[in-house]
Structures are given as structure tokens and as C-alpha cells.
There are 2 protein chains.
Amino acid sequence: MAILWCEEMSRQDQKRNKVTLLDVAKHADVSRATASLVVRKSPLVGTETRQRVEAAMRELGYVYNMGAARLRAERSHTIGVVVPNLTNPFFAELLGGMEASVGAAGLVMIIANSGDGPSRQAAVLQRLREHGVDGIILCPAAGTTDELASQASGWKLPLVQALRHVTDELDYAGADYVAGMEEAVDYLVSLGHRTICFAVHGPIHSAYRERVQGFRDAMKRSGLQPELVIRVPDRVDQIAQEADAVFAQGKAPTAVICFNDLVAHGLAAGFYDRGLKIGRDISLIGFDDVADAEAMRPRLTSVSTAPNEIGRRAAALLLDRIARPALPPRRWINPTRLHIRDSCSPLSSS
Amino acid sequence: MAILWCEEMSRQDQKRNKVTLLDVAKHADVSRATASLVVRKSPLVGTETRQRVEAAMRELGYVYNMGAARLRAERSHTIGVVVPNLTNPFFAELLGGMEASVGAAGLVMIIANSGDGPSRQAAVLQRLREHGVDGIILCPAAGTTDELASQASGWKLPLVQALRHVTDELDYAGADYVAGMEEAVDYLVSLGHRTICFAVHGPIHSAYRERVQGFRDAMKRSGLQPELVIRVPDRVDQIAQEADAVFAQGKAPTAVICFNDLVAHGLAAGFYDRGLKIGRDISLIGFDDVADAEAMRPRLTSVSTAPNEIGRRAAALLLDRIARPALPPRRWINPTRLHIRDSCSPLSSS
DNA sequence: CCTGGATTTTAGATCGATCTAACGGCGTTA
DNA sequence: TAACGCCGTTAGATCGATCTAAAATCCAGG
């Protein structure tokens, strides 16, 4: 007896006193199978039995073991999210939106960082595969090729692209960068600006190309010089230092459109340092409309891309595809909106 | 023959043509156990055999099944991270730091959002438990009580607190908010300021209390009025609107210390709107020193708390504890540093 | 040639859930 | 009365890895 007890204790210790479905079943005097049906809220089980089992679960402090369930059922209730960079507030907003959708559906997110490089991205995708995720939301790293589509279909793993896309064969959730940029240009043109510069930075990917394309198309449509695209550094303090770059090519622009709000922030600081007053000496438009746009002085006019909403939509797209894998590829392009504040003014004197 | 083939195909289809360790073993002409030793890089297996198995893995496109491994081995190579809020760039930095440490150790992070509320926090903790995480990094939601410690030990789940703490019985990684605040006060005092206000917002938790305490201690030590603590709204645009609140109590302060950089941003905008020039009419100090501090004009003097580093340390603490659960509780308090820029100036006229 | 010890390899049980196919009880119909 | 369908329940196989304990192999020394 004493020996038996010892053995039981050591077993408990070894197993970290885990309560299994079998324990619950015994305690409620039903079979393992019935208990399983109860935890999964199956309608097959009788009301009285259900209540007895639920009571047993509560009494024993049972916690469901997803790992074991996954092994048998091929569903992990887990999705993978790969972004190029965690620290960027823009991606943080995106993740926030995803978490809302994904969490509401009862799944959890594994997040991974690709560092915006294809080799690291391949490694993290492999890792997610090993963890048996039910699907992946990927913001493709710069340099990702369209063989991503064939890989994903070979893996039989639902995959949606977010913010950037490299293939039409997979779902995609992003913003209408082209239209957003056109709206920004048209607005400046309506204020009388004729020499408009586009300040870009960062790695080159679909969202980058679409913004450039939107800028050029709109400039051409207005009969203006479409080639005034200037690259600036990545860090905000360096952007400020090298703000002059904007004036280095040909005629000095009277307005600058920025690749994102970070560039706008940097240029605003740089212009300030040079004694240029934004909204009077030069007009400035940002892109993304993150929270800080409201805090700048003068307030920054910016094209809103609503990363939160894109995240939500990307998650919805993925959940749909997990439910019906054979669906044809879909895309959800979030409309953008020019949020007009105080950083632009009509061109008065030239 | 044809029938057999069909059967095989349908099995493949059903199983999503998954390659298992048994397939690899057969292909390499060894046992399942040996193959398992190879994937886990055990030194027990001979060189020639190892190579044969590795070749088989490559040829068949084998992917490791963590789920199955976890079931047997009680290690999921997964940790859970709970933050109050994904969208805050501060937490984004924290996550970035964690990801670096955790990823390097070969684990992945499941992230969850507590919404800074204890009930939702309880739900996500339960969810993480169901997913069998090896440990949890938790930034305790406002209102979390110290029974967290007994819960965690009951769950036998390694848990480290990050940024905020509710108990001494669990590991903790945070910043030295008290010292940081004292340094800020002392700096302003050394510039001649005597009436200094502390502008706070957000929910109340240990990090909040420590900052207030640091402020009051330092003010008292300098013989100054320690009660000038003012609450401002949460959103940056509302902070700007209500910046006057800073002057509403007693004598008007000549310097303001902010709870974080977001408050500093809002107040800076509000002061600008009222024609006050920062660094001349009023001095301003931020807290956290996130990227934007450098982009403000004038540049924002701010107390750097290095969330990235805290994230890295929290992860290291957790990995240590997973390796040796019996370790006494430890804490890592990141030193803060006052990053002096241009938003403060000596008090000349009064 | 046999023995002992170290090194490699293996069969079989096991983790905790889900799934399949079947079972008993009950009311209905032929 | 036998046959049938329906409902709630269940035993036993199964998922893909790991672990344990023992077996096979090899080599040196007596």
C-alpha cells in the first residue's frame, strides 16, 4: 500500500500532476470518447451527461491539451504570422488587427521575424511548418520570388500575403497604394503645386513599386515631371540630416510626398533645422497616417492606409481559406483616404 | 494493382502526403528510433548512419512534427507572451527584443493581448496553457493581484513578469523607473527649475507607481513641492487639447516631466498651439526615448528605458528558468539613462 | 576462442487526445 | 415479431514522435 502510494506520487511528480481526459471521464463515470465530445461541444451528447462531465472538468482543474488534439485531428488552432520587422509601429498596428480577428476565432498567433531577407524568411517558414500551423499570414520579405505560390501549394498550407504581394495565385490583403498616391498628387496639384517630389526609402517590394507608380501616373496625367523620386536614408535622424537631397535634383520642389510618415517626420525635422516652415515654405504629405501624424506641428496631412483594418482582413481571408482551401485566390484592397490636416497650403508666390 | 494504387493515392490525399519519421527510417534502412536520434542530433548515432538518414530526410522533404514530439517529450519549444496592447510602439520594441532571444534559442513565441484587463488576461493565460507553452512572459494587466504567483506555481509553469510586477515570488525584468525619474528631476533642478510638474496618464500599475515615487522622492530631496502630479488624457490629440491642465494647479511649472514620450508629444503639440516655445518658455522631458524623440523639434530630452533590451532580458530569464525551475526568483532592472537633447534649458528669468 | 565493456541500434510501450465502427436501448413500422 | 432507424455512448485503433531497456555489433585483452 505504502509502496503503491509512493509510486503514484512519483508518477504524479513526473507528469506534473496533469489531469487527462481519461481522469475526467472516470470521475464523471463515462468513457473517454464521451468526455472528448463534451470538450468539443458536440451536440451528440445528452444534457445530463454533459453537465456531469463539465462538473468533473471543473473539479479536477482539467486543461485541454491542444498538442494531443492536433496530433490526431490535424488542426492546431494556431496560425503563423511573418513580418519583416517587429519594431516598426506600422507592423505593430497590423499585428493588433490580426490578433483581434484571430483571437475572436479561438486561434492563437505565432509571430516570427523575417528581417526582410529571403533566407531568414525561409527558415522561419520552415519553423512554422514544423509547429503545424493551420495557415500563414506572410508579409513577403523584399526579394521573395513568385515561386512562393508553388511552395505553399506543395506544402498544402493556406497562405495569405499581407501588405505586399509577389504572386496572384495566393490571397492578398493590402491597401490601394496607387490610388492613395494619386489622391495625394491630385490634392497638391489642386493647390497649385507643379514641382512635386516623392521621397522614398527602404527595400523595394510591391508596395514600394505601387506607390512610385501611383505617383508617376498621377504626375503624368497632370502633365508634370514624373521622375522626381528621391531616395533618403532609413533612420529618422539621418533623413533629417540629409533633407537637402530633396532639392538636389533640377528645379526645387514646392511640395514633397513621403513614402511613409517616418520619412515625413524626418524631413519635417530637417526642414525645421533649415528654417523652412512647413505649410508655408513647403508642403508635405505623409503616408500611412499613424498616430503621430496628429501630434506633429503643423499637423501632418497623410494618406491613411489603416494597417489595423488590413490586419483584420488578412486574418479573415486566412480563416476563410482554412475553411475552404479550394476557393479561388482573392484579394482585399483597402481603400485609402487622404487625411487633410495642416501641412499643405496653396502655392501663392513662386 | 490498380486498386492498390488508388488506395495509396487516397491515403496520401487524406494524410496530405505527410512524410513521417517512419518513412524516413524505412528509406534509410534504419529503425524509427535511430531516425529520431538523428533529428535530435544525438551523439549516440554513427557517422555513416547519420549521413544516410539525413540524406533520406532531404530526399523525402521531411518536416519535423513538433506536435507529436511535444506530446511525448513535454517540451513544446513554444513560449507565450502576453502584453496589454499590441499597437503601442513601446510594446512592439519589447516584442522585437524577445523575438531575438527566443528565436536564437530555437523557440517560437505565441503572442496574446490582454487588453490590460484581468479577465481577458485570465482567458489568454488559459489559452496559452492549453497550447502547452513551455513558459510565459507576462506584462501583468492593471489590476492583476499577487495571487498570480500561486497560480503560476500551481500550474508548474515558468512565468516571468516584464515591465510591471505584482509579486516578488516570480522573475521580473524591467527598468529602473525610480532612478530614471530621479535623474530627470535632478537634471531640471540643476538647470534652476523649482516648480516641476509630472504629467501622467493610463492605467495604474507598478511601473506607474514607481515613476510617481521617483518623482516625489527626488522633489522632496531637493526641498521642492512633490505633489504636482497631473493626469492627462490617453489619446495624443486630446493631450494636446488639454495641455492647459498642466498650469491649472497652483503655481505654473517651468518644466514638465512626462510619463512617456507619447505624453511628451501631446504636450509639445499643445504648447505649440498656445504659442509656448519648448526649451525657452518651458522645459519638457519625455520617458522611454523611443525613435520619435529624435524626430521632434526641438529634439526631446528623454529618459531611455531600452524596451528592446528589457525584452531580450525577459526572454533570457525565462529560458534560464525553464532550464532550472528551482532557481530562486530573480530580477533584472535595466539601468536608465537620461538622453539629453534640446527640450530643456536653464531657467533664466522667473 | 571466449569474455567484458563500450558503442550503436532497435522493438515496443507510451504521451493524450480524436476517429471509426459498432453497440444497446427505444419507439416505430411492416 | 422481426426489421429498421435514431440516439447516446463506447472500445479500440490511431496520429507521429520519444523513451526505456535490451539486443546486436565491435574490439581488445586474457
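Letters go in sequence order (proteins before strands), and every chain restarts at 1.
- Distances shorter than 4.0 Å separate none of the side-chain N or O atoms of S36(B) from OP1 or OP2 on dC19(D).
- To the nearest angstrom, P of dA17(D) lies 11 Å from CD of E74(A).
- The side chain of R72(B) lies closest to dC15(C) when the candidates are dC15(C), dT10(C), dC15(D).
- Distance L44(A) CG to dC7(D) P: 9 Å, rounded to the nearest Å.
- Ionic pairing of E130(B) and R70(A) is not present here: no N-O contact between side-chain nitrogen and carboxylate oxygen is shorter than 4.0 angstrom.
- Across all strands shown, A33(A) has heavy atoms under 4.0 Å from base atoms, whether or not it also approaches the sugar-phosphate.
- Nearer the 5' end of DNA chain C, as judged by each residue's closest nucleotide, is the contact made by E48(B), out of E48(B) and L71(B).
- Following rounding to the nearest Å, R50(A) (CZ) and dG8(D) (P) show an atom-to-atom distance of 10 Å.
- Comparing dT9(D), dT18(C), dT10(C) by their closest approach to the side chain of V30(B) singles out dT10(C).
- Residue Y64(B) places its side chain closer to dA17(D) than to any other of dA17(D), dT10(C), dC15(D).
- Nearest to the side chain of R40(A), among dA11(D), dC19(C), dC19(D), sits dC19(C).
- When the C1' atom of dA11(C) is taken as reference, atom CG of L21(B) falls 15 Å away, rounded to whole Å.
- Residue K18(B) contributes atom NZ, which lies 18 Å from atom P of dT14(D) at whole-angstrom precision.
- Contact check, T34(A) against dT10(D): a side-chain N or O comes under 4.0 Å of OP1 or OP2.
- OP1 and OP2 of dA11(D) both lie 4.0 Å or more from every side-chain N or O belonging to R32(A).
- Atom CZ of R70(A) is separated from atom C1' of dA17(C) by 12 Å (rounded to the nearest Å).
- The CE atom of M57(B) sits 10 Å away from the P atom of dA17(D) (whole-angstrom rounding).
- Of the listed residues (L159(A), T144(A), D146(A)), just one forms a side chain to side chain contact (heavy atoms under 4.5 Å, CB included) with T167(A), and that residue is D146(A).
- Checking the phosphate oxygens (OP1, OP2) of dG16(D), no side-chain nitrogen or oxygen of T20(B) falls inside 4.0 Å.
- Side-chain atoms of D116(A) and S114(A) include no donor-acceptor pair closer than 3.5 Å.
- Between the CZ atom of R52(A) and the P atom of dG8(D) there is a distance of 14 Å, given to the nearest Å.
- A side chain to side chain donor-acceptor pair (under 3.5 Å) with D171(B) is found for exactly one of R331(B), R330(B), R321(B), namely R321(B).
- By the 4.0 Å N-to-carboxylate-O rule, E309(A) lies close enough to R312(A) to be salt-bridged with it.
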